[in-house]
Trainee: 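Sharing a structure here in structure tokens format.
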There are 2 protein chains.
Amino acid sequence: MPGGRPRSFDADAALDRALEVFWRQGYEGTSLSDLTEAMGINRPSLYAAFGNKEELFGRVLDRYLEGPGAFAADALEAPTSREVVERLVLGAVELTTGDHTPRGCLSVKSVHACGPDSAPVRQDAVGRRKAGEAALRRRLERATDLPPGADPGVMAGLVHTITDGIAVQAAGGRGREELRQVADLALRALLGSDQR
Amino acid sequence: MPGGRPRSFDADAALDRALEVFWRQGYEGTSLSDLTEAMGINRPSLYAAFGNKEELFGRVLDRYLEGPGAFAADALEAPTSREVVERLVLGAVELTTGDHTPRGCLSVKSVHACGPDSAPVRQDAVGRRKAGEAALRRRLERATDLPPGADPGVMAGLVHTITDGIAVQAAGGRGREELRQVADLALRALLGSDQR
DNA sequence: GGGGTAATGTACCGATAGGTAAAAAATTTC
DNA sequence: GAAATTTTTTACCTATCGGTACATTACCCC
């Protein structure tokens with residue numbers, strides 16, 4: 001029934017190219033020409049396949065969270081809350097200082113796309129961040145290995161504050177090894193230095 | 001000798017208006033029309049007084065660091081390293097969640113202006129951040145009240161990671177009171193809960 | 001091998017970006 | 001008051017922004 005000319009590109013591969021550009025240059029710093037060039041398609045193809053720039057960014061953010069950023073959701077399944085926090089913090093270092101990916105975190109960058117035209121994109125990013133933090137809070141509420149009297153909500157807030165800070169530091173040029181030392185110190189301070 | 005028509009606006013007041021706009025919308029998200037409207041001057045006056053957008057931003061960043069951001073340099077003069085860290089972290093909360101100023105930190109936002117045209121501005125911001133962190137590291141190296149075996153460089157990196165994270169959280173909408181609780185928890189973890 | 005259909009390539013749209021030329025206006029010095 | 005000087009005003013520049021109209025091409029079905 002459908003017929004029609006088949007598309008000449010792989011949509012997922014094109015999304016990956018778009019992800020690379022948005023991750024490196026941010027939403028506001030990326031033009032449609034940057035995108036079409038990187039994706040290897042022309043403008044009408046982009047619009048037909050992905051909607052406009054804003055919708056494309058939403059698709060890209062999905063892909064980011066399901067791909068490079070998936071460690072954050074996965075970490076919540078660790079058996080102990082200690083391990084959850086460790087995986088989040090150390091994972092943030094690896095994510096934001098990759099050799100083959102841009103420095104920093106796409107989600108953190110998106111929060112800082114604060115021009116008038118970027119409001120929907122920023123709101124979207126903020127919403128997803130809040131959902132992620134709520135999930136961490138619920139995970140910590142369920143934990144039995146927290147220090148007595150610890151507030152899971154505040155604890156979740158601090159963990160996300162630290163991972164956000166790691167992203168900023170990476171975007172600001174701090175290298176992976178240095179950032180690992182910082183992360184280790186943060187974990188020792190947060191969780192104590194004992195083995196379990 | 002000089003003569004000439006006197007300028008009809010106060011340059012410092014105009015810089016403050018420009019600061020407000022850049023702080024709220026970021027470098028990339030702010031247009032010259034946004035600036036001239038907020039500053040109450042027209043375009044050629046802006047260029048004559050401040051150079052181009054990039055130079056204006058440099059002047060604004062100076063003013064930010066000497067004004068709202070001055071607490072960070074001042075904190076280094078506290079008598080104990082414990083107090084230095086406290087003033088940095090708590091000061092970051094106040095700075096980024098002010099009722100009459102935009103949410104977040106202009107310096108952290110500038111690191112995330114990562115489009116091709118923003119490279120000089122980003123580099124400038126990164127340079128100033130590194131200088132600030134080097135100053136903190138030197139202050140901690142000189143301290144006598146650090147735990148034995150603590151690495152001042154890594155410690156300085158962690159403190160800046162936390163203040164950066166606070167800025168991201170504020171930009172992402174977390175309120176002042178919540179962020180104070182997060183900061184308090186961070187300080188207890190970093191410095192212990194004892195009184196001195 | 002023709003229809004129907006959907007993607008492609010080209011060429012364009014109005015709006016806005018950052019930046020400036022040139023004349024008019026306001027001041028000082030003489 | 002006239003010359004010199006500096007700012008303001010108005011009008012404009014080119015380049016690029018995000019987005020689209022339209023004709024062409026390549027496929028499926030019959």
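Since the structure is predicted, the reported quantities are computational estimates derived from the model, not experimental observations. Below, read A as the first sequence line, B as the second, and so on, with proteins coming before strands; counting in each chain starts at 1.
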Trainee: Please report the distance, rounded to the nearest Å, between CD in B:Glu55 and P in C:dT20.
Mentor: 11 Å

Trainee: If the condition is side-chain contact (heavy atoms from CB on, under 4.5 Å), which residues does A:Arg138 pass it with, not counting sequence neighbours?
Mentor: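 For A:Arg138, the residues satisfying side-chain contact (heavy atoms from CB on, under 4.5 Å) (neighbours in sequence not counted) are A:Ala134, A:Ala135, A:Glu141.
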
Trainee: Kindly say whether A:Gly104 contributes a backbone atom to a donor-acceptor pair with the side chain of A:Lys109 at under 3.5 angstrom?
Mentor: no

Trainee: Starting at CZ of B:Phe50 and ending at P of C:dG19, how long is that distance when rounded to a whole Å?
Mentor: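 For the pair B:Phe50 CZ and C:dG19 P, the rounded distance is 15 Å.
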
Trainee: Would you indicate, yes or no, if D:dT9 has its OP1 or OP2 atom less than 4.0 angstrom from a side-chain nitrogen or oxygen of B:Ser45?
Mentor: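 Checking B:Ser45 against D:dT9: no side-chain N or O falls below 4.0 Å of OP1 or OP2.
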
Trainee: Which of the following nucleotides, C:dA26, D:dG19, C:dG19, is nearest to the side chain of B:Arg5?
Mentor: C:dA26

Trainee: Does the plane of the ring in A:Phe50 sit parallel, tilted or perpendicular to the ring in A:Phe9? Use 30° and 60° as the thresholds.
Mentor: tilted

Trainee: Whole angstroms only, please: what is the CG-P distance between A:Leu32 and D:dT20?
Mentor: 10 Å

Trainee: Determine whether the side chains of A:Asn42 and A:Thr36 contain a donor N or O and an acceptor N or O closer than 3.5 Å.
Mentor: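 No - no donor-acceptor pair under 3.5 Å links their side chains.
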
Trainee: Look at the side chain of B:Arg43 against the base of C:dG18 and say whether a donor-acceptor pair falls under 3.5 Å; ignore hydrogens and angles.
Mentor: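 Present.
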
Trainee: Does C:dT8 have OP1 or OP2 under 4.0 Å away from a side-chain N or O of A:Asn42?
Mentor: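 Answer no for this pair, as no side-chain N or O of A:Asn42 is under 4.0 Å from OP1 or OP2.
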
Trainee: Roughly, in whole Å, what's the span from CD1 in A:Ile41 to C1' in C:dG9?
Mentor: 13 Å

Trainee: Check whether any side-chain N or O of B:Arg139 sits under 3.5 Å from a backbone N or O of B:Ala78 as a donor-acceptor pair, and report yes or no.
Mentor: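 Yes.
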
Trainee: Which residues in residues 7-30 of chain B have at least one heavy atom lying under 4.0 Å from any atom of DNA chain C?
Mentor: B:Thr30

Trainee: Side chain of B:Pro44, heavy atoms from C-beta onward: which of C:dT10, D:dT10, C:dG19 has the nearest atom to it?
Mentor: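 Closest nucleotide among those given: D:dT10.
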
Trainee: So do the side chains of A:Val84 and A:Leu136 get within less than 4.5 Å of each other, counting heavy atoms only?
Mentor: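 A:Val84 reaches A:Leu136 side chain to side chain.
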
Trainee: Please, which pairs that meet side chain to side chain donor-acceptor pair (under 3.5 Å) have at least one residue in residues 169-181 of chain A, sequence neighbours excluded?
Mentor: A:Glu94-A:Arg176, A:Glu94-A:Arg180, A:Thr97-A:Arg176, A:Gln169-A:Arg174, A:Gln169-B:Asp164, A:Arg174-A:Glu178, A:Arg174-B:Glu133, A:Glu177-A:Arg180

Trainee: Just checking B:Asp117: base, sugar-phosphate only, or nothing, at a heavy-atom cut-off of under 4.0 Å?
Mentor: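 Counting heavy atoms under 4.0 Å across all strands, no contact is made by B:Asp117.
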
Trainee: Rounding to a whole Å, what distance do you find between A:Lys53:NZ and D:dT16:P?
Mentor: 16 Å

Trainee: Just how far, in rounded Å, is P of D:dG18 from CD of A:Glu54?
Mentor: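 Atom-to-atom, A:Glu54 to D:dG18, this comes out as 12 Å.
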
Trainee: Between C:dA17, D:dC17, C:dA26, spot the one nearest the side chain of B:Pro6, thanks.
Mentor: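 That would be C:dA26.
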
Trainee: Once you round it to whole Å, what is the distance between P of D:dC22 and OH of A:Tyr47?
Mentor: 18 Å

